[in-house]
Each structure stands twice: as C-alpha cells, then as structure tokens.
**Student:** 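One structure, as structure tokens, below. Some questions next.
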Amino acid sequence: MQTTIVYRGKTYHTDLDDPIDISMPLRASEDNPVAWYLGAPEITPVKEGSWTGSVAEGGATNFNTIVFNPHAHGTHTECAGHITREFYSINTVLKKFFFIAELISVSPVQKGEDQCITRQQLEDGMEGKNVEAIVIRTLPNGPEKLRRKYSHTNPPYLEEDAARYLRDIGIKHLLIDLPSVDKEKDDGRLLAHKAFWDIEHNIRLDATITELIFVPDGVQNGTYLLNLQIASFENDASPGKPVLYKLK
Ligand SMILES: N[C@@H](CC(=O)c1ccccc1NC=O)C(=O)O
C-alpha cells in the first residue's frame, strides 16, 4: 500500500507493505532480555483441577497467563508517570501514533566508569532536522541485544544535557535500545528522564520515552515514518511495537 504524507510543508511517500519492526519479541525464556534484577517472563497455561489451558496437554484451547514487567522485559513506552507521585497513564497521554522520526547511531563515550551519550553526539546526529521523534541506536549493535542481561552492568545512558537538548528542539518521542535513559544506579536522580519531561517546570505529559528497542544493523540512519503503538494498559508504561517505514 502506497501512501503520501504531507508533514510541515513537505511531501513524502512511503510503502506500508515494507515495515521495519524495531520492537523486541518477548519470550518466556531465559534467553529473553532482562533488566532491573528480575528473572525471566512467564507464559504458562491456566490449570484448574483436571482442566488445562494447553491443547498439547488435552485442553480445547491454549489459554496462557503472562507474568512480565514492561520496564524490565522488552520494548516499552513510558510517560512522565514513570517518575511522578501523581498517576499518569501512557494509554491516556499517548493519543497520536504516527510521527516523523530521525534514526541516528551513537557510540557512547567512556567517562570514568560510565558510557555516556552526549549532547554533542545528538546534535551531530540530528543535523538540524525538525522532527517529533528520535530513534537512537547505540553502537556496538548486534542481535545479542535480543538476549542481553542488563542487571548490574551499568549500561550506557544519556547525559542530562543531551536529554535537555532533545526537549529544546521539540522532540516529543525518544526511542532508544537501552533499558533506561539514565544511569542504572543513580540513587533515583533520574536526571535525563526529568530533563526530557521537564518535570520540575512545565511537565510534558504528551512526551514519551521508549526503551529496549532493537534496530537491526541493516537499517540506515535517516528520516522515517514512525508508528508508535502500545497495548492499552492504564499504567505508566506499556509494552509496545514501534515500527519504522522508509520515506521517499
Ligand atoms: N536509576 C534508578 C532506577 C531506575 O532508573 C529504574 C528502576 C526500576 C525500573 C526502571 C528504572 N528506570 C527506567 O528507566 C535508581 O538508581 O534509583
């Protein structure tokens, strides 16, 4: 299906039959990625006496209960409610699902024990583009990210000034292939989250952060149509399925 998009005075074409899924599959397996010190997700058939929710075990239907954590087990989109005392739900604040996005690749910079993504790196990657969403692929990038165990590994993160820069240039939706935009163990400071959402001044309730995406190597840096979809959980975060489409 061919579509024409008119965005901020420019016309683009895209082929909706050629999606680039940048979500990670969520599996009930030790292979599944995990962060924040949890175990693997669970997907298990309901059992009630002799009744079973498994066709392979004699039941009429497959009927699984799923136990997982959106922040820990895979691609998820969160809103400011992730770090506020007040309850804000991603399903209530995210009401549009198509955006123009810039995909950039960044090699985090070693600073002491940390690997940081700096404002300068984002400025260089964005090349002055005027878009609503940014997709950050960190390097090195490989399929091992689909299985990575992040707990206690001090993954790379965004410097506060880098997050502030994204807010200043009008980025509403930030997508990244890390478990957090902040340092794993920062005693709750959450400087990048707070800067991006402008928590202290003019809270940006319509801005979202999507973490634990995976952008395969073959996808080139550049401008894409982004379909940012979530499941309709009334919660600070929901598992999601961001999809990119090439713009021509
Ligand atoms: N860095 C925080 C913890 C944190 O950021 C966090 C903890 C649990 C689930 C998600 C988290 N952050 C995700 O973006 C801290 O050290 O308190």
Side-chain angles (χ1 to χ4, degrees), residues 22-24 26 32-42 66-91 93-94 106 108 111-119 122 133-138 145-167 171-200 203-215 228 230-231 233-242:
I22 57 167
S23 71
M24 294 201 282
L26 195 156
N32 198 75
V34 60
W36 311 115
Y37 327 118
L38 299 185
E42 295 164 30
I66 301 181
V67 180
F68 76 107
N69 185 297
H71 294 284
H73 287 136
T75 308
H76 63 283
T77 299
E78 61 197 35
C79 68
H82 184 42
I83 59 168
T84 57
R85 176 178 271 270
E86 200 150 341
F87 175 71
Y88 298 113
S89 163
I90 187 64
N91 189 51
V93 300
L94 182 65
V106 174
K111 295 199 178 186
E113 62 173 17
D114 295 349
Q115 293 171 277
C116 301
I117 298 169
T118 67
R119 175 189 176 112
L122 298 185
I134 184 171
V135 180
I136 303 173
R137 169 173 48 197
T138 60
K145 277 182 182 158
L146 299 168
R147 302 186 296 274
R148 189 169 293 178
K149 308 295 176 277
Y150 284 97
S151 304
H152 305 294
T153 64
N154 193 27
Y157 61 90
L158 244 61
E159 289 191 333
E160 180 183 20
D161 202 32
R164 192 180 300 114
Y165 162 73
L166 296 179
R167 182 187 84 211
I171 296 289
K172 286 276 183 67
H173 305 285
L174 159 56
L175 294 83
I176 194 161
D177 56 7
L178 296 168
S180 180
V181 294
D182 273 302
K183 184 174 163 73
E184 180 183 14
K185 297 177 187 180
D186 66 352
D187 297 320
R189 278 193 285 274
L190 297 156
L191 298 174
H193 282 92
K194 286 181 181 164
F196 181 73
W197 282 319
D198 207 3
I199 294 286
E200 315 282 348
I203 185 167
R204 299 203 304 157
L205 290 178
D206 59 349
T208 71
I209 298 177
T210 300
E211 294 159 339
L212 291 173
I213 61 167
F214 178 67
V215 185
L228 184 58
I230 57 165
F233 282 96
E234 296 290 1
N235 188 48
D236 66 282
S238 167
K241 190 177 186 74

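As the structure lists them, so they are numbered: ligands from 1, and atoms in each ligand from 1.
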**Student:** Tell me, please, which residues at least two apart from N32 pass side chain to side chain donor-acceptor pair (under 3.5 Å).
**Tutor:** none
**Student:** Can you name the residues that form a side-chain contact (heavy atoms from CB on, under 4.5 Å) with S151, not counting sequence neighbours?
**Tutor:** Y37
**Student:** For the side chain of E184 and the backbone of H152, is there at least one donor-acceptor N/O pair under 3.5 Å apart?
**Tutor:** yes
**Student:** Short N or O contacts of ligand 1 with protein, under 3.5 Å, listed by atom name?
**Tutor:**
residue: ligand 1; atom: 1 (N); partner: K183; partner atom: O; Å: 3.1
residue: ligand 1; atom: 1 (N); partner: E184; partner atom: O; Å: 2.8
residue: ligand 1; atom: 1 (N); partner: D186; partner atom: OD1; Å: 2.7
residue: ligand 1; atom: 14 (O); partner: S180; partner atom: OG; Å: 3.1
residue: ligand 1; atom: 14 (O); partner: H193; partner atom: NE2; Å: 3.1
residue: ligand 1; atom: 14 (O); partner: E211; partner atom: OE2; Å: 3.4
residue: ligand 1; atom: 16 (O); partner: E184; partner atom: O; Å: 3.3
residue: ligand 1; atom: 16 (O); partner: D186; partner atom: N; Å: 3.0
residue: ligand 1; atom: 16 (O); partner: D186; partner atom: OD1; Å: 3.0
residue: ligand 1; atom: 16 (O); partner: D187; partner atom: N; Å: 3.4
residue: ligand 1; atom: 17 (O); partner: G188; partner atom: N; Å: 3.0

**Student:** In chain order, what residues pass the side-chain contact (heavy atoms from CB on, under 4.5 Å) check against Y157, with sequence neighbours excluded?
**Tutor:**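 Here the qualifying residues are D114, C116, K183.
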**Student:** Taking all non-hydrogen atoms of both residues, which atom of P155 and which atom of P179 are closest, and how far apart?
**Tutor:**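 Smallest heavy-atom distance, with atoms named: CG-CG, 3.9 Å.
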**Student:** Is the closest basic N to carboxylate O distance between E160 and R189 below 4.0 Å?
**Tutor:** no
